[in-house]
Amino acid sequence: MTESTSSSSSSLSERLPTRVDSEVGPLRTVLLHRPGNELRRLTPRNNDQLLFDSIPWVDRAQEEHDAFATVLRSRGVEVLLLADVLRTALEDPRAHAAGVHAAVDDRRLGAELADVLRSHLSSATPAELAEVLMAGMTFEELPTSEGGSLVRRMHHAHDFAVDPLPNLLFTRDSSVWIGDRVAIASLAMPARKRETALLDLIYAYHPRFRGAVRAYGAHSAPVEGGDVLVLAPGVLAVGVGERTTPAGAESLARSVFADDLAHTVLAVPIAQDRATMHLDTVCTMVGPDSVVMYPLARDSLIAYTLTPDEEKGVRVHGPAPFLEAAAEAMGIDRLHVIDTGLDPVTAEREQWDDGNNTLALAPGVVIGYERNTETNERLEDAGIEVVRIAGSELGSGRGGPRCMSCPIARETVSASG
Ligand SMILES: NC(=O)NCCC[C@H](N)C(=O)O
């Protein structure tokens, strides 16, 4: 299967500056990750730990992903692919050194094997190093060396010397643009922690992002991008649950207030369950003043409203019902919920299958998984255009179109459209 390369449908002169101040402004540039060999590492023994529900059929997952990218390009969106930008970034010797550092875990390998792997990777091409960083390496794939390392002898040949990163697919979680700045997420789960290092070097060394200013600290308390919704310019909602911690939400608020990126942050408690691992699994925006939301969350979601105080601290108000707190912060009368009106069983099934995890291409135009037939129909009844994509294999990692995309440039829209 050939890999579709990163392509840009917009020329340099048409490029919008990297900036995202809404969830729904016409999408211009997005970062995706076409699933690769890292998915071939999943087995029934490791899939839970690696945060996949089952073992995906990789070729089909790639086809589904290619179709997703094609839909985006056909709508005039520039698609950047993470593997491409990683390889380009690694051409810079400083990035290459950072990549080697990120791959080699002395505590796992012991001093002797760590040195062997370090020197092997130091002479790897950017493409070879990128592959190891994404797909990992097993003990049997390690370069040979003189002498008998106890670590090598005592590990099973298929144990990971470098962990694979199958969840790179969910580019939404590992970095998030807030206004004109990028926040590298501090990922909570051990299986995803190393993604931070990859995004860190991409944004530091890829020529496209030279000069990109950072928001938040990549090594601060956990905040994952799937929990961050840019409800309107200056207004963020941050889910707090299985991934983003209360400390993460508070320190993100402190950071965006200090950088003048937001005037209000809503901290939204969500159940600490796999079904609701991020806020965007229960609620995504489909228009400047409308959301699609898991019906069972509609009346129960609450929010603490955080605002800056004069001492550069954070003032906490509430809690209040989420929809009310959001409308007030956004300066609109009401945040409309598209009523998917589903019975509880269908609602639960389609929430699990990412029915509420839509990616807006523009106000009132979203991409959704085709399998969520009832949610999609109700969205269309409400006047939303739903561009359907297949996700039978992609969904095995438990993420939908929003999870699989990191918007880098959107046009600005106002709450009135
Ligand atoms: N924003 C999202 O909800 N992303 C989906 C992440 C799925 C991934 N398997 C994870 O558990 O982190």
Side-chain angles (χ1 to χ4, degrees), residues 20 23 30-33 35-36 38-39 41-43 46-56 58 61 64-65 68 82 134 163-177 183-196 198-199 222-230 236-245 248-249 252 268 270-285 291-294 297 350-360 366-369 372 389 391-407:
V20 176
E23 292 290 314
V30 72
L31 177 67
L32 306 185
H33 175 61
E38 65 280 355
L39 288 200
R41 302 293 198 181
L42 290 158
T43 68
N46 68 21
N47 69 304
D48 285 342
Q49 204 181 350
L50 291 174
L51 308 174
F52 268 65
D53 291 343
S54 59
I55 311 302
V58 180
E64 290 173 353
H65 196 272
F68 176 39
L82 188 143
M134 295 183 292
D163 285 330
L165 296 177
N167 294 290
L168 275 180
L169 171 62
F170 304 109
T171 52
R172 172 71 58 166
D173 301 324
S174 44
S175 68
V176 50
W177 285 80
I184 312 288
S186 169
L187 292 145
M189 306 301 260
R192 302 199 64 177
K193 277 194 189 302
R194 202 164 56 75
E195 291 177 40
T196 298
L198 271 57
L199 273 296
V223 171
E224 298 200 353
D227 277 317
V228 181
L229 267 60
V230 184
L236 303 184
V238 181
V240 177
E242 190 188 64
R243 306 299 174 87
T244 298
T245 61
L252 177 67
V268 184
I270 48 176
Q272 297 208 16
D273 286 337
R274 177 132 180 87
T276 57
M277 72 184 100
H278 294 115
L279 181 58
D280 69 1
T281 62
V282 292
C283 173
T284 48
M285 292 191 80
V291 292
V292 55
M293 192 185 272
Y294 179 41
E350 297 206 354
Q351 186 276 332
W352 180 260
D353 284 334
D354 295 297
N356 304 105
N357 190 263
T358 58
L359 169 67
V366 301
I367 301 184
Y369 276 153
N372 298 307
I389 59 166
S392 296
E393 299 304 312
L394 294 174
S396 61
R398 289 264 13 257
R402 186 181 193 272
C403 302
M404 293 190 295
S405 53
C406 171

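Position 1 is the first residue of the sequence; numbering continues from there. Start at 1 and go down the list; that is how both ligands and their atoms are numbered.
The shortest N/O to N/O separation between His278 and ligand 1 falls below 3.5 Å. Taking any N or O of Arg398, backbone or side chain, none lies under 3.5 Å from an N or O belonging to ligand 1. Ligand 1 has a nitrogen or oxygen under 3.5 angstrom from a nitrogen or oxygen of Leu51.
Looking at atom 6 (C) of ligand 1, its nearest protein heavy atom turns out to be Asp173 OD2, 3.4 Å. Nearest to atom 2 (C) of ligand 1 among the protein's heavy atoms is Cys403 SG, 2.7 Å. Among protein heavy atoms, atom 7 (C) of ligand 1 sits closest to Gly397 O, 3.2 Å. The protein non-hydrogen atom at the shortest distance from atom 10 (C) of ligand 1 is Arg243 NH2, 3.5 Å.
Residue contacts with ligand 1 for Met189 are absent, since no atom lies close enough (heavy atoms, distance under 4.0 Å). At a heavy-atom distance under 4.0 Å, only side-chain atoms of Asn167, from C-beta outward, approach ligand 1. At a heavy-atom distance under 4.0 Å, only side-chain atoms of Met277, from C-beta outward, approach ligand 1.
If you number the atoms of ligand 1 from 1 as listed, the ones under 4.0 Å from a heavy atom of Thr281 come out as 3 (O). Residue Gly226 has at least one heavy-atom neighbour below 4.0 Å for each of these atoms of ligand 1: 1 (N). Per-residue contacts place Asp280 under 4.0 angstrom from the following atoms of ligand 1 (heavy atoms of the residue considered): 1 (N), 2 (C), 3 (O).
In this model, no donor atom of one side chain and acceptor atom of the other lie less than 3.5 Å apart for Glu195 and His33.
Across Leu31, Ile367, Leu32, a single residue satisfies side-chain contact (heavy atoms from CB on, under 4.5 Å) together with Ser405, and that is Leu32.
Taking 4.0 Å as the cut-off between side-chain N and carboxylate O, Arg243 and Asp227 do not count as a salt-bridged pair.
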